[in-house]
Amino acid sequence: MAKVFLNGEIVDEGDARVPITDRGLVFADAVYEVVRVYRGEPFLWREHMERMERGARFLEIPLPFGPEELREYALELIELNECDLGVVYIQLTRGPAPRLHRFPERVRPTTFMFTQEVARPDRELVRRGVDLVTIPDVRWGLCEVKTVGLLPNVLGKEEAAKRGAFDALFVRDGVITEGTSSNFFAVRDGRLITHPVDNILPGVTRAKVLEIAGGLGLEVQERGLRIDELRACDEAFLTGTVLEVMPVRSVDGIELGPPGALTRRLLEEYEGLIEA
Ligand code: PMP
């Protein structure tokens, strides 16, 4: 049986117990991270921990374990579960408490981690790009916080699949914000366009890609892209921990593929980082 981490202990998954009054379960009062594992090594661990710390600070959930300590446990889990290529999922909740909306006085946060095998993105999809649809962004006003309240994201992904698409893009006031579990980039006249970190999830992959783009001397515009501007765009791609850099072939039937030169260049550079 797979091993998991729960509040400082590594146990069999079947023996990991969380009280049903845990605020993570009752209120989605929790933050999470998904960290990529390549060759048994967590990728961009520090960046993920920094984001989790920011989220926890915002929610005033004290962190029971430091980033280095958690990394040691993560490495142990990876080894025990022989998870060479996959992800480590980490969740921090405010912990069990009587069901009252206000923060409990005595907080006992719950921390848990598990590993999951996840393959690299399908090479055929990367070669031809994916088809997306747009949906209204019905999420709340604090999308910078990586909360486990992911129902709009789950519904969005489900709707995309039912409409025969790979994923959905959220649209707020006519502007594309991000994917259900990825950030969105477009290329117009050689310039990279992506939504600013303003009520979207600040993706670790997004930040890496922007860093790469900066290094290549590319011009970047962090601004909202209106859906009616899509027709004028030449390329587009998604970024995410699991998705890496995924070329987009179409959005609502508007063709943006096959993957363009800039997308392929950034994809190549990102894959270089993974190899390194
Ligand atoms: N946006 C949303 C809504 C997400 O859930 C994710 C996945 N965590 C991302 C963007 C991409 O973030 P990252 O690159 O850190 O995986």
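Start at 1 and go down the list; that is how both ligands and their atoms are numbered. No hydrogens, no waters, no symmetry mates; every other heavy atom, side chains included, goes into these values.
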Under 4.0 Å to a heavy atom of [X] - the qualifying atoms of ligand 1, by number:
X	value
K146	7 (C), 8 (N)
N153	3 (C)
G179	3 (C)

For this session: Could you tell me whether some N/O pair between V204 and ligand 1 is separated by less than 3.5 angstrom?
Result: yes
For this session: Look only at interatomic distance and state if R51 has a nitrogen or oxygen under 3.5 Å from any nitrogen or oxygen of ligand 1.
Result: yes
Looking at [Y] and [X], is any side-chain nitrogen of the basic one under 4.0 Å from a carboxylate oxygen of the acidic one?
X	Y	value
D84	R39	no
E271	R123	yes
R188	D234	no

Measure the distance from [atom] to every protein heavy atom, then report the residue, atom name and distance (to 0.1 Å) of the closest one.
atom	result
atom 11 (C) of ligand 1	N183 OD1, 3.7 Å
atom 1 (N) of ligand 1	E178 OE1, 2.6 Å
atom 12 (O) of ligand 1	G203 CA, 3.4 Å
atom 16 (O) of ligand 1	T241 OG1, 2.6 Å
atom 14 (O) of ligand 1	T205 OG1, 2.6 Å
atom 7 (C) of ligand 1	S181 O, 3.4 Å

Problem set entry | Considering all heavy atoms, the nearest A186-L225 contact | CB-CD2, 3.8 Å
Exercise. At under 4.0 Å between heavy atoms, which part of S182 makes contact with ligand 1: side chain, backbone, both or neither?
Worked result: backbone
For this session: Measure T180 to ligand 1 on non-hydrogen atoms and call it side chain, backbone, both or neither using the 4.0 Å cut-off.
Result: backbone
Problem set entry | Test of ring centre spacing under 6.0 Å for F65 and F5 | yes
For this session: Would you check if the distance from the ring center of H101 to the ring center of F27 is below 6.0 Å?
Result: yes
Exercise. Does any N or O in the side chain of D29 come within less than 3.5 Å of the main-chain N or O of R94, such that one atom is a donor and the other an acceptor?
Worked result: no
Seminar exercise, completed: For R163, the side-chain hydrogen bond (donor to acceptor under 3.5 Å, both in side chains) test, sequence neighbours excluded, returns E159
Seminar exercise, completed: The side-chain hydrogen bond (donor to acceptor under 3.5 Å, both in side chains) partners of E144 (sequence neighbours excluded) come to none
